[in-house]
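See below for the structure under consideration.
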Amino acid sequence: MKQSAPIPFNRPSIQGRENEYVLEAMTNGHMSGDGPFTKKAHALLEAELGVPKALLTTSCTHALEMMAYLLDIQPGDEVIIPDFTFVSTVNAFVLRGARPVFVDIRPDTLNLDESRLEILITPRTKAIVPVHYAGVGCEMDAILEIAGHQNIPVLEDNAHGLFGKYKGRYLGTFGAMAAQSFHETKNFSCGEGGALLVNDPRYTERAEIIREKGTNRSRFFRGQVDKYTWVDIGSSYLPSDVLAAFLYGQLEQREKIQSHRRRVWETYITGLKDWADQYEVRLPYIPEHTEQAYHMFYLLLPDLDTRQRLIMYLRERGIHAVFHYLPLHLSDMGLRFGGQPGDCSVTEDVSDRLVRLPFHNALTGSEQEQVIEAVLEFKF
Ligand SMILES: Cc1ncc(COP(=O)(O)O)c(C=O)c1O
């Protein structure tokens, strides 16, 4: 067995002027939230994506929580969420007392299956939350049409999908609001961070208030009111400008970062395609009308046992591959909401078979060669 340095699943890295900006944020007299770097990051996201309002948050989880406040989710309300997602997508609404209604995923993109939506809608449905899994767009035309018939807001969990597109339009710009993640594992990061994109202007003013502890501080700083005071419920969802400085340094390098990630993704496809055909391993599927965000590379192995053996085998070679997500309806919390085996059979199947290979902004060509070589030598 080859002995080489371990290859982590993810490794955070400096891509541009992050160090310089962080130092500047620490010494320019404005380290708290909404300082100069936060404003630059807002302006960059708004201009690049064409969204009316971008607000940095302390995490994607918190951006999702803000959405639940903004929709005034009440106990007993229902929110439709894909079964195959991170817990934050659902927790944000359950925290307000909502009952999650899990929708199964499409076997091809692993995104919410829009053909199963209509039957789940009831008079209590208060939101539909598509997650653009792996930064590949959900079928937004169909989702918006179904939601539009019943006047139900669509909220995008775009944690994976910054700069991905569906039919030529950026992910995160379709729903009333969208949540972004800048967690360490994402394409653009500041360790822990996120953003709320507000596309429907009816939510903008209250979003600023909720993010600022329930005060009208943002209006005060714009000179729109002469004092700032407590006007609504809220919390503290704005990140320090030090984090915004790091993030801005990364966002500035978006072309470099995305083209590196594209290369990594394409190298995996080229290196593994024949092997995948031979052993009936499914590689990611990207519909032609979408432009993916190059967030992750996954394999769908034939069964759970093979998936587990591949992860262990790679680990023995110092390569860290991971799986996710467990079906939410079968989690401890999901069972309390009445989840039953078989409710979301595609998620149950995919969850057993999926493995993610190392994929990050600092992955080198030689590291990737080692990963591919190891996978090709795996004995089924
Ligand atoms: C689909 C999805 N939504 C939300 C989150 C939460 O993001 P954060 O860690 O920024 O709160 C994640 C985290 O990985 C995620 O994958």
Side-chain angles (χ1 to χ4, degrees), residues 9-10 12 41 45 54-69 79-95 100 102-106 109-112 127-138 140 143 154-164 171-172 174-175 177-197 211 235-240 243-244 246-247 250-251 261 284 292-298 322-328 331 333-334 344 347 350-351 354-356 359-361:
F9 171 70
N10 182 61
L45 290 171
L55 292 168
L56 291 194
T57 56
T58 30
S59 63
C60 179
T61 303
H62 282 164
L64 289 159
E65 287 179 18
M66 285 178 67
M67 292 177 180
Y69 281 115
V79 178
I80 301 179
I81 288 164
D83 195 40
F84 191 61
T85 182
F86 191 64
V87 289
S88 294
T89 321
V90 62
N91 247 337
F93 300 93
V94 170
L95 272 170
F102 295 113
V103 57
D104 208 354
I105 53 169
R106 296 168 56 112
T109 55
L110 315 187
N111 277 332
L112 167 164
I128 298 173
V129 192
V131 176
H132 304 297
Y133 180 72
V136 178
C138 293
M140 292 313 295
I143 294 169
V154 171
L155 307 172
E156 297 172 75
D157 179 338
N158 196 28
H160 303 176
L162 186 58
F163 302 131
L171 304 180
F174 291 88
M177 292 177 268
Q180 301 294 151
S181 176
F182 301 120
H183 179 261
E184 177 179 302
T185 50
K186 302 304 186 290
N187 298 22
F188 305 90
S189 165
C190 55
E192 299 278 357
L196 179 71
L197 308 181
R211 179 169 167 272
S235 189
S236 187
Y237 289 127
L238 68 173
S240 154
L243 287 178
F246 193 94
L247 178 67
Q250 296 244 309
L251 289 173
R261 297 185 77 101
Q292 62 155 320
Y294 299 101
H295 174 58
M296 73 167 82
F297 192 89
Y298 64 81
V322 301
F323 68 88
H324 75 175
Y325 304 108
L326 297 174
L328 284 174
S331 64
M333 276 296 278
C344 293
T347 302
V350 160
S351 166
L354 186 138
V355 59
R356 298 170 64 188
F359 196 147
H360 55 80
N361 297 343

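Every number for a ligand or one of its atoms is a count from 1 in the order of the listing.
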For this session: Go through the steps to decide whether Asn158 and His132 satisfy the test side-chain hydrogen bond (donor to acceptor under 3.5 Å, both in side chains), and finish with yes or no.
Result: CA-CA 6 Å; Asn158 196 28; His132 304 297; 4.6 Å; no
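- When every heavy atom of Thr89 is checked against every heavy atom of Asp157, the shortest pair comes out as OG1-OD2, 2.9 Å.
- Leu56 and Pro239 get closest at one heavy-atom pair: O-CD, 3.5 Å.
- The main-chain N or O of Ser59 is never found under 3.5 Å from a side-chain atom of Glu192 such that the two would form a donor-acceptor pair.
- In this structure, CE in Met296 is found 10.0 Å from CZ in Arg261, a value given to the nearest 0.5 Å.
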N/O to N/O under 3.5 Å, ligand 1 against protein:
residue, atom, partner, partner atom, Å
ligand 1, 3 (N), Asp157, OD1, 3.2
ligand 1, 3 (N), Asp157, OD2, 2.7
ligand 1, 10 (O), Cys60, N, 3.0
ligand 1, 10 (O), Ser181, OG, 2.7
ligand 1, 11 (O), Cys60, N, 3.4
ligand 1, 11 (O), Thr61, N, 2.9
ligand 1, 11 (O), Thr61, OG1, 2.5
ligand 1, 14 (O), Lys186, NZ, 2.7
ligand 1, 16 (O), His160, NE2, 2.9
ligand 1, 16 (O), Tyr325, OH, 3.0

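- Residues passing the side-chain contact (heavy atoms from CB on, under 4.5 Å) test with Glu184, sequence neighbours excluded: Asn10, Pro12, Ser189.
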